[in-house]
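Below you'll find the structure, written out as structure tokens, and then a few comments.
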Amino acid sequence: MLIGKRAVITGSTSGIGLGIARELASNGADVVLNGFGDPKLIEKERVNIELEFAVKAHYINADLREAAPTRDFVEKAAVALGGIDILVNNAGVQHTDLVEDFPIDRWDHIIALNLSAVFHASAAALPYMKRQGWGRIINIASAHGLVGSPAKAAYVAAKHGVVGFTKVAALENAGSGITVNAICPGWVRTELVEKQIQALAAQRNIAVEEAARELLAEKQPSLQFVTPRQLGGAAVFLASEAADQMTGTTMTLDGGWTAR
């Protein structure tokens, strides 16, 4: 149980981030949500978390593509919660193109949000964790942090960077009560993946569900999507006492993708 713990989850107004936030809250943690979307829907999710799990839930938005707003966001979250025990770096974006065709602005956007924001948020949260002698940084990387795929140069580069950053931050804080780990999901049927499914269906002139099966068959031997709730369960474990000596690792939830 995480009663009394204070968790900040970036990119948590939908999909993976929201699933993780809900699981942390269901185990007793107060949470700060972050991300874009319909303000009414975000407020509904925030209120639902408070009512369902009897915890405090806040929403603080920020443009995590820039250093100063990202660090300021963490400071505001710490004020709202009264400190930070758990930081989940989840915010991310995707674009696919061949290297020679990859738009420069899309490369910069992906690297800034998927990688640099992990560094800035962690750097801002670590002093709080060091003062209390306990903390958990959980970076949502990807199977693409361990292996590559064509047309995803920026995403793969960023997620490999997240895995490397995780190892360095873990080594720097080993034995301090602070652990740093990465979760590497395979295909999760989020809005980002749904766009890829829709594109494949249009390209092949096939039904959407057939395209989803083809997407899974190409990479994920289980032929099943990972769920946000399963990823939330992994985050709860990493935040638990059972994971006190688990640091600098990559936890794969990918249906066998990286076992090939």
Side-chain angles (χ1 to χ4, degrees), residues 10-11 14-17 19-20 35 64-67 70 88-122 137-170 180-200 203 211-212 214-228 230-231 234-235 238 248-260:
T10 68
S14 63
I16 291 172
I20 291 173
L64 303 184
R65 293 174 297 178
E66 299 290 338
T70 301
V88 181
N89 288 305
N90 170 71
V93 69
Q94 171 67 291
H95 178 82
T96 58
D97 245 326
L98 298 178
V99 169
E100 64 268 30
D101 299 324
F102 214 97
I104 294 172
D105 63 333
R106 298 306 297 169
W107 171 276
D108 290 343
H109 183 179
I110 291 169
I111 296 299
L113 184 59
N114 294 27
L115 177 57
S116 295
V118 174
F119 160 67
H120 292 301
S122 299
I137 296 177
I138 301 168
N139 299 321
I140 307 304
S142 169
H144 281 119
L146 303 172
V147 297
S149 289
K152 297 183 179 180
Y155 190 83
V156 170
K159 293 302 186 180
H160 272 67
V162 168
V163 170
F165 172 81
T166 298
K167 294 177 181 179
V168 172
V180 188
N181 292 285
I183 298 175
C184 295
W187 290 125
V188 185
R189 199 157 183 174
T190 60
E191 186 177 334
L192 285 177
V193 172
E194 194 64 40
K195 289 179 181 177
Q196 294 184 57
I197 294 171
Q198 297 281 353
L200 180 61
Q203 177 188 346
E214 285 199 10
L215 193 75
L216 285 169
E218 181 186 354
K219 301 285 189 181
Q220 203 144 298
S222 69
L223 302 181
Q224 297 173 330
F225 287 102
V226 183
T227 69
Q230 289 165 345
L231 294 170
L238 289 174
T249 67
T250 52
M251 179 186 286
T252 57
L253 281 81
D254 62 6
W257 180 334
T258 56
R260 293 180 187 269

Could you tell me which residues satisfy side-chain hydrogen bond (donor to acceptor under 3.5 Å, both in side chains) with [X], sequence neighbours excluded, listed by chain and number?
X: T252; value: none
X: S222; value: none
X: S122; value: N89
X: Q224; value: none

Locate the shortest heavy-atom distance separating [X] from [Y]; write the atom from each residue and the value.
X: G256; Y: P221; value: C-CD, 3.5 Å
X: I20; Y: A235; value: CG2-CB, 3.9 Å
X: A170; Y: V180; value: CB-O, 3.7 Å

Going by ring-ring contact (aromatic ring centres under 6.0 Å, His included), name the residues that satisfy it together with W257, two or more places apart in sequence or in a different chain.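 If we apply the ring-ring contact (aromatic ring centres under 6.0 Å, His included) test to W257, skipping adjacent residues, the hits are H144, W187.
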Run the salt bridge (Lys or Arg N to Asp or Glu O under 4.0 Å) test against R189 and tell me which residues pass, sequence neighbours left out.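 In terms of salt bridge (Lys or Arg N to Asp or Glu O under 4.0 Å), with neighbours along the sequence ignored, R189 is linked to E194, E209.
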Checking E214 now: which residues fulfil salt bridge (Lys or Arg N to Asp or Glu O under 4.0 Å) with it, not counting sequence neighbours?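 E214: salt bridge (Lys or Arg N to Asp or Glu O under 4.0 Å) contacts with R204.
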Going by the side-chain hydrogen bond (donor to acceptor under 3.5 Å, both in side chains) test, which pairs reach into residues 154-169, not counting sequence neighbours?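 Every side-chain hydrogen bond (donor to acceptor under 3.5 Å, both in side chains) pair that includes a residue of residues 154-169, provided the two are not neighbours, is N139-T166.
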Please identify each residue that fulfils side-chain contact (heavy atoms from CB on, under 4.5 Å) with T249, with sequence neighbours left out.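 In terms of side-chain contact (heavy atoms from CB on, under 4.5 Å), with neighbours along the sequence ignored, T249 is linked to N181, M246.
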Enumerate, atom names and distances included, each donor-acceptor pair closer than 3.5 Å involving a side-chain atom of residues 91-108, sequence neighbours excluded.
unit_1	atom_1	unit_2	atom_2	d
H95	NE2	D97	OD2	3.0
R106	NH1	H109	ND1	3.3

To the nearest 0.5 Å, what is the distance between CG on L223 and CG on L215?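 Result: 11.0 Å between the selected atoms.
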Just how far is it from atom CD of Q196 to atom CD of Q203, taken to the nearest 0.5 Å?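 Between Q196 CD and Q203 CD, I get 11.5 Å after rounding to 0.5 Å.
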Are any of the side-chain heavy atoms of L115 and V162 separated by less than 4.5 Å?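 Sidechains of V162 and L115: in contact.
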Have a look at I140 and tell me which of I183, V118, V188 forms a side-chain contact (heavy atoms from CB on, under 4.5 Å) with it.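 It is I183; the other options fail the test.
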